[in-house]
Q: 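Mind having a look at this structure? Questions to follow.
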Amino acid sequence: MTQEFKRWYDHDPTLLKVINILRDYQEELKEQAQIFLESLEKKVSKEAIDKYYQMVKPINGGSRWYDKDPIISKTVELLRVVPQEVQQKIANDFIEALQKNGINID
């Protein structure tokens, strides 16, 4: 019997944890999300990220919890489309960065 996941991030407990942290602490974690985007821009390019985001961002602002803020929205959307191995690495790096900055996530 295979387990079915309802949301794209339910397959990985660490990724689920990161998404829940972002949802629950959007304002407090905006800086960490911005750092993530900047590191990604160094690897890909700001133009490529912006172009991609323009294609996937919801029309009329969207109704998902992360659509309300462009930084969080861009972070979640980019995280959604990368391969699962990359999602897991990013999720682990994000949690590690929070812990290094003294943010307790448990």
Side-chain angles (χ1 to χ4, degrees):
M1 181 176 193
T2 60
Q3 184 176 8
E4 289 190 40
F5 300 106
K6 292 182 179 185
R7 299 169 299 194
W8 62 268
Y9 48 84
D10 286 335
H11 69 90
D12 182 328
T14 306
L15 185 59
L16 176 60
K17 186 176 193 174
V18 166
I19 295 298
N20 286 332
I21 290 168
L22 282 170
R23 184 191 65 226
D24 295 340
Y25 301 99
Q26 286 180 59
E27 284 302 313
E28 297 89 336
L29 296 177
K30 234 189 253 190
E31 185 177 327
Q32 289 297 324
Q34 185 64 43
I35 291 169
F36 161 73
L37 290 174
E38 288 169 1
S39 69
L40 194 58
E41 287 170 1
K42 290 177 186 173
K43 294 176 185 168
V44 180
S45 82
K46 182 175 181 358
E47 293 77 25
I49 292 170
D50 289 343
K51 184 177 180 180
Y52 167 76
Y53 184 63
Q54 288 303 315
M55 292 186 314
V56 299
K57 80 176 187 178
I59 299 170
N60 300 325
S63 60
R64 300 168 296 193
W65 63 266
Y66 54 86
D67 291 331
K68 309 295 183 261
D69 180 273
I71 293 172
I72 299 296
S73 178
K74 193 180 285 189
T75 300
V76 173
E77 284 298 333
L78 291 171
L79 192 54
R80 180 178 64 84
V81 299
V82 297
Q84 286 185 2
E85 317 80 68
V86 177
Q87 287 176 341
Q88 186 156 32
K89 178 170 180 6
I90 291 169
N92 287 325
D93 290 351
F94 187 78
I95 288 173
E96 186 178 303
L98 292 177
Q99 290 171 336
K100 283 182 180 177
N101 287 308
I103 300 170
N104 185 7
I105 54 162
D106 291 321

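These values consider heavy atoms only, across backbone and side chains, with no hydrogens, waters or symmetry-generated copies.
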Q: Are Val81 and Val86 connected in the hydrophobic side-chain network, where two residues link if heavy atoms are under 4.5 Å apart?
A: yes

Q: Return the minimal non-hydrogen interatomic distance between Phe94 and Gln32, and the atom names on each side.
A: CE1-CB, 3.7 Å

Q: Does any part of the side chain of Trp8, heavy atoms only, come nearer than 4.5 Å to the side chain of Val76, both counted from C-beta?
A: yes

Q: Check this for me: does any side-chain nitrogen of one of Glu77 and Lys74 sit under 4.0 Å from a carboxylate oxygen of the other?
A: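 Here Glu77 does not pair with Lys74 in a salt bridge, since their nearest N and O are not under 4.0 Å apart.
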
Q: How long is the straight-line distance from CH2 of Trp65 back to CD1 of Ile19, given to the nearest 0.5 Å?
A: 5.5 Å

Q: Please round to the nearest 0.5 Å and tell me the distance separating atom CD of Gln34 and atom CD1 of Ile71.
A: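 It comes to 4.5 Å.
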
Q: Could you pull out the closest heavy-atom pair between Gln26 and Ile72, with the gap in Å?
A: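 For Gln26 and Ile72, the tightest heavy-atom pair comes out as O-CD1, 4.0 Å.
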
Q: Strictly below 4.0 Å, N to O, side chains only: are Glu96 and Lys100 in salt-bridge contact?
A: yes

Q: With the side chain counted from C-beta on, respond yes when Tyr9 and Leu79 share a heavy-atom pair under 4.5 Å apart, and no when they do not.
A: no

Q: Which heavy atom in Arg7 sits nearest to a heavy atom in Asp10, and how many Å separate them?
A: NH2-OD1, 2.9 Å

Q: Is a side-chain donor-acceptor pair under 3.5 Å present for Tyr53 with Ser73?
A: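 Ser73 vs Tyr53: donor-acceptor pair found between side chains.
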
Q: For Ser45 versus Ala48, what's the shortest heavy-atom pair and its separation?
A: OG-N, 3.0 Å

Q: I need the minimum non-hydrogen distance between Thr14 and Ala91, along with the two atoms involved.
A: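 Minimum heavy-atom separation between Thr14 and Ala91: CG2-CB, 3.8 Å.
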
Q: Please tell me if the side chains of Thr75 and Tyr66 come closer than 4.5 Å, counting only heavy atoms from C-beta onward.
A: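 A side-chain contact under 4.5 Å is absent here.
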
Q: Between atom CD of Gln88 and atom NE2 of His11, what is the distance when rounded to the nearest 0.5 Å?
A: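 Here the rounded value is 8.0 Å.
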
Q: Roughly how far apart are Leu78 CG and Glu41 CD, rounded to 0.5 Å?
A: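 Between Leu78 CG and Glu41 CD, I get 9.5 Å after rounding to 0.5 Å.
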
Q: Let me confirm one number: the CD1-CG distance from Ile21 to Leu16, rounded to the nearest 0.5 Å.
A: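 Interatomic distance, Ile21 CD1 to Leu16 CG, rounded to 0.5 Å: 9.5 Å.
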
Q: Report yes if the side chains of Gln87 and Gln84 come closer than 4.5 Å at any heavy-atom pair, otherwise no.
A: yes

Q: Is there a path of hydrophobic side-chain contacts, each under 4.5 Å between heavy atoms, that joins Tyr25 and Phe36?
A: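 Yes; Phe36 is reachable from Tyr25 via cluster members.
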
Q: Tyr52: what forms a side-chain hydrogen bond (donor to acceptor under 3.5 Å, both in side chains) with it, not counting sequence neighbours?
A: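 Scan of Tyr52 (side-chain hydrogen bond (donor to acceptor under 3.5 Å, both in side chains), adjacent residues dropped) gives none.
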
